[in-house]
Number of protein chains: 2
Amino acid sequence: MEGQLYLKQNNIKATKARIYIMGLLLNSDSAITADYIYESSVDKKLFIDLSTVYRTLELLEEKSLVDKFDLGGGMNSFIIKKLGHKHTVECSKCHRELEIDCPMNQIDELIRNKTGFTPIEHELNIKGICEQCKKAGFL
Amino acid sequence: MEGQLYLKQNNIKATKARIYIMGLLLNSDSAITADYIYESSVDKKLFIDLSTVYRTLELLEEKSLVDKFDLGGGMNSFIIKKLGHKHTVECSKCHRELEIDCPMNQIDELIRNKTGFTPIEHELNIKGICEQCKKAGFL
DNA sequence: CTGCGTGCAAATGCTTTGCATATGT
DNA sequence: ACATATGCAAAGCATTTGCACGCAG
């Protein structure tokens, strides 16, 4: 029932498929794939179609309820959204600042996937050249 | 002719397709996609088949002459290999160290792709829990 | 009852592969 | 000449889309 509430709180029509998927997401501490959700639904004799899984995940992402990670090779995984943060990159030439979404979520997921290591904290510092300065011929 | 030499130096049979692809890679300061190579070959009336492009890139990657970046959505780009480096992550519990390939190449490419900002240097610090400690119930 | 959600099947986009032919050394 | 590279066409894989039916509100 947990998933049901969560959906209603976010003005999403609570259907069998969505309730099940939401439940899975709420009870996963790590990111899961569309196929994992599908297979899981098959195990439970629910047979939620893959297209429905994808459409639900897309909806939840639009509503900012889940984060989508690119696993490479065209695969993605999804996790209930946690508080995100931003990073700032500063151009080494013009010193203008550019804000980017923290790219570490991706990295964390890649590392977890390849090595089993679970990243918890990070510190990241990027230096580079912004588009304009690059066009201006600095690099 | 430049590509030709580069290939021979690396014991790769120098064919028309490979020479052209190698030339493109050598003259690109940023990573390029298989499709870009293909289209470029069409423009030059060479019509190198996409499968040939992919097979060549695969070969060059195996020979460690190019780096392959995952652009997300199942797409990749390729760039002549630069000197790579490793990072070390240390488990916050058992303090064992784990060496990983620098994950920033991917990030750099993503940032370049999305914002036009060209990353040059980085500093990266990751803390986390290794697989064994996690299984042991610390997290 | 009415529109939105669903399953099914087919389409997509990038990449990979099988096979017969063409090409480099 | 002979192994290997190539083009072509078809397959593969995760994901997306069109459409007719079904269910939630």
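Only heavy atoms go into these numbers, but all of them, side chains included; no hydrogens, no water, no symmetry mates. Just so we're on the same page: letters track the sequence lines, and every chain starts at 1. These numbers come from a predicted model, not from an experiment.
Distance from the side chain of K13(B) is smallest for dT25(C) among the nucleotides dC8(C), dT25(C), dG5(C). Proximity note for Y54(A) (side chain, C-beta onward) versus dA14(D), dC8(D), dT25(C): the nearest is dA14(D).
Distances shorter than 4.0 Å separate none of the side-chain N or O atoms of T52(B) from OP1 or OP2 on dA5(D).
For the pair L7(A) CG and dG25(D) C1', the interatomic distance rounds to 14 Å; values are reported in whole Å. Whole-Å rounding puts the I48(A) CD1 to dG7(C) P distance at 7 Å. If you measure from atom CG of L57(B) to atom P of dT6(D), you get 11 Å, rounded to the nearest angstrom. The NZ atom of K16(B) sits 8 Å away from the P atom of dG24(C) (whole-angstrom rounding). The distance from atom CG of N11(B) to atom P of dG24(C) is 18 Å, rounded to the nearest whole Å.
The two residues A31(B) and F69(B) have their closest heavy-atom pair at CB-CD1, 3.8 Å. Looking at every heavy atom in both residues, V53(B) comes nearest to I21(B) through CA-CD1, 3.9 Å. The heavy-atom pair separating N11(A) from K63(A) by the smallest distance is O-NZ, 3.9 Å.
At a cut-off of 3.5 angstrom, the base of dG7(C) holds at least one donor-acceptor pair with the side chain of R55(A). Between the side chain of T15(A) and the base of dC23(D), no donor-acceptor pair of N or O atoms lies under 3.5 Å.
Screening T56(A), V66(A), D67(A), N76(A) for a side chain to side chain contact (heavy atoms under 4.5 Å, CB included) with E61(A), the sole residue that qualifies is V66(A).
Residues F78(B) and L46(A) each lie close to DNA chain C; by heavy-atom proximity, the contact nearer the 5' end of the strand is made by L46(A). Between A34(A) and I12(B), the residue anchored closer to the 5' end of DNA chain D is I12(B), taking for each the nucleotide with the nearest heavy atom.
No side-chain heavy atom of R18(B) sits less than 4.5 Å from a side-chain heavy atom of T52(B).
Across all strands shown, S51(A) has heavy atoms under 4.0 Å from base atoms, whether or not it also approaches the sugar-phosphate. The residue N76(A) sits close only to the backbone: its heavy atoms come under 4.0 Å of sugar-phosphate atoms, none of a base.
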